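Some notes on the structure that comes next.
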Number of protein chains: 2
Amino acid sequence: MGRHAMISDSELMQKLSVVFRHKGFSGASLADLAAATNLKRASLYHRFPEGKSQMAMEVLIAAKDQMMNYVLAALREDASAEIRISRMTERLNSFYLNGEQGCFLNVLASNIIQDNRLASEVKLILGLLIGEIEYFLQQTGFSKTLAQTRAQRIMMLLQGSLVMCRGMQSSKPFQDFIKNLKDELLKQ
Amino acid sequence: MGRHAMISDSELMQKLSVVFRHKGFSGASLADLAAATNLKRASLYHRFPEGKSQMAMEVLIAAKDQMMNYVLAALREDASAEIRISRMTERLNSFYLNGEQGCFLNVLASNIIQDNRLASEVKLILGLLIGEIEYFLQQTGFSKTLAQTRAQRIMMLLQGSLVMCRGMQSSKPFQDFIKNLKDELLKQ
DNA sequence: GTCTATAGTAAGATAGAC
DNA sequence: GTCTATCTTACTATAGAC
C-alpha cells in the first residue's frame, strides 16, 4: 500500500472516538480500533507509539477542544442569554448525536482509575466544563455560589442522562435533558 | 485445600462486586476476580460455570435485590413521608459508601452493549428503581406525570453524581446529591 | 505511512487430582 | 469445593519489507 495517510487526522480521531465511546477503554481492543479506521494495528502504532492510552488521551483532548471551543463557546458569543443558551443546546445535541452517542468522559470515568494521566485529564476537563457554565451563569446575574451549584448540577444531569440512555437503550433521557436545559440554567 | 467453601456466597458477591465496580466489566479479569476472592480461577468456574458474564449477572441481581428490598423498601414503611425519605437516603448513602463505591448499573451501562442478557437486566432494574420512586411520589400526592418525570430526574442525578465522583476523584458530588435528595423529592 | 509476520503475554476456559 | 496444570484464543507490541 501507499506511503501516504489513508485517513485524515480528524477522521481518525472521530473513528477512534466512536469505538471508545461504544466499548469503553478496556473493552476497545486494537483490533476494534484498527477495523474502525481501516488501518492495521501496526499503522496505529506508527501514529500512536504509546498505544491505546495515547489514542484515548488524544481523543479525549479533541473532545475537550470541541466542547470548549465549539459547544460551550456559544455561551460567550455576542447575543442575548436565551439565544446563547439555545445555540449551545443545539451544538450539545449534535455533539452527542441526540443522545445516541455516549460520552467519552463518562466512559473513562467508569473505567480508568488505572491510568493516572487519563484520570487527571478527565478531572481537569470536567472542571473546565463546569467552570465555563459557572462563568456564564455569573455573567447572567447569579451569585457565585448559586452559579457553582447550578453548573455542577447541570453536569450531573448531563452525565446522568447519558448513563440512562445507555442503560435504558433509549435516547429519551438525553432528549428530555436537552428540552429542560434552558429552564435548568435560568430558573429562579 | 479443603472440600468446603472458603468464602460464603454473600461475601463472594460482595468481593466480586467491588472489582466490577472498580474496573468495569471488560476491565475486570478473572485474575482480578480470583485475587479479590482468594480463590483460584478454576474455583470461580466451579461456582459460575458460564464465567464472567454469569458473575456479573449474579452480582447485578444481588444489587437489585438490595436496592429494592432494603434501600427503596424504606419508602414503603409505615412512617411519615419525611421519615421514610430520610431512612431511604441513609441506606442509599451506605449502599454507595458515601459515594466512594461506584455503581454497578452505571459501570455496566457504560460497558456492556455486547452482552444482551446483561443489557436487558440493566434496563429492567433501572425501570424498577424509577417505578419505585414514582410510586412513592404518587402516594405522597403528586400527579402521575409529575411523579414520573421527577423519579427519572432523581435517577439521572444519582447516576450523574456517581459519574462525577469518579471523574473528579471526589465523593463530594454524591454527598451533595444525598444532601439535596429530600428537597428534590418533595419540592413543589 | 502502511503493510505482513511474528514475538510475547495475558486472557478465558477446561480436565482431573485431592 | 478447591487446587494445579494445561489448552486455546485474543491481546499488545515490535521488526522489517515496500
Side-chain angles (χ1 to χ4, degrees), chain A residues 1-20 22-60 107-108 111-118, chain B residues 1-60 107-108 111-119:
Chain A
M1 276 294 170
R3 211 143 303 183
H4 296 292
M6 302 303 293
I7 182 175
S8 73
D9 276 11
S10 65
E11 210 178 338
L12 181 57
M13 287 303 170
Q14 165 60 19
K15 306 239 183 212
L16 294 177
S17 166
V18 170
V19 178
F20 280 126
H22 192 67
K23 300 213 170 189
F25 179 76
S26 20
S29 68
L30 289 184
D32 294 329
L33 296 161
T37 54
N38 278 109
L39 290 174
K40 298 297 176 183
R41 275 167 298 172
S43 307
L44 285 175
Y45 275 102
H46 177 78
R47 296 212 191 182
F48 306 95
E50 293 165 51
K52 206 162 79 163
S53 299
Q54 190 182 355
M55 296 181 217
M57 182 60 97
E58 294 196 17
V59 164
L60 185 58
V107 163
L108 280 181
N111 240 286
I112 285 300
I113 318 297
Q114 351 277 53
D115 188 316
N116 283 323
R117 288 168 56 206
L118 276 171
Chain B
M1 275 292 169
R3 211 143 301 183
H4 296 291
M6 300 305 292
I7 182 174
S8 72
D9 275 12
S10 65
E11 209 178 339
L12 181 57
M13 287 301 169
Q14 165 59 19
K15 304 237 183 215
L16 294 178
S17 166
V18 170
V19 179
F20 280 127
R21 295 195 205 196
H22 192 70
K23 299 212 171 190
F25 179 76
S26 19
S29 68
L30 289 184
D32 294 328
L33 296 162
T37 53
N38 278 110
L39 290 174
K40 299 297 175 184
R41 276 168 297 170
S43 308
L44 285 176
Y45 274 102
H46 177 77
R47 297 212 191 182
F48 306 95
E50 291 164 53
K52 206 163 78 161
S53 298
Q54 190 182 355
M55 295 181 216
M57 181 62 94
E58 294 196 18
V59 165
L60 186 58
V107 162
L108 280 181
N111 240 289
I112 284 301
I113 319 295
Q114 352 274 52
D115 189 314
N116 283 323
R117 288 169 53 205
L118 277 171

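Every value quoted in this text rests on a predicted model; they were computed, and no experiment measured them.
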Take the protein atom NZ of A:Lys40 and the nucleotide atom P of D:dT12, then report the distance between them rounded to whole Å. 16 Å

Expressed as a whole number of angstroms, how long is the span from B:Leu12:CG to D:dT2:C1'? 13 Å

Could you give the distance from CG (A:Asn116) to OG (A:Ser53), rounded to the nearest 0.5 Å? 11.0 Å

My understanding is that only residues two or more places apart in sequence, or in another chain, count here; which of them pass salt bridge (charged side-chain N to carboxylate O under 4.0 Å, His left out) with A:Glu11? none

side-chain contact (heavy atoms from CB on, under 4.5 Å) partners for B:Val59, two or more places apart: B:Met13, B:Leu16, B:Ser17, B:Phe20, B:Phe104

Within this structure, what is the NE2-to-P distance between A:His4 and C:dG1, rounded to whole angstrom? 9 Å

Report, one line per pair, each donor and acceptor closer than 3.5 Å where one atom sits in a side chain of residues 40-48 of chain B; sequence neighbours left out.
| from | atom 1 | to | atom 2 | distance (Å) |
| --- | --- | --- | --- | --- |
| B:Arg47 | NH1 | B:Ile7 | O | 3.4 |
| B:Arg47 | NH1 | B:Asp9 | OD1 | 3.1 |
| B:Arg47 | NH2 | B:Ile7 | O | 3.1 |

Separation of atom NE2 in B:His46 from atom C1' in D:dT2, rounded to whole Å: 8 Å

B/S/- along nucleotides 11-16 of chain C (protein heavy atoms under 4.0 Å) is SBBBB-

Rounding to a whole Å, what distance do you find between A:Phe48:CZ and C:dG1:P? 12 Å

Which pairs with one or both residues in residues 13-34 of chain B pass salt bridge (charged side-chain N to carboxylate O under 4.0 Å, His left out), sequence neighbours excluded? B:Lys23-B:Asp32

Side chain to side chain donor-acceptor pair (under 3.5 Å) involving B:Gln54 - partner list, sequence neighbours excluded: B:Glu58

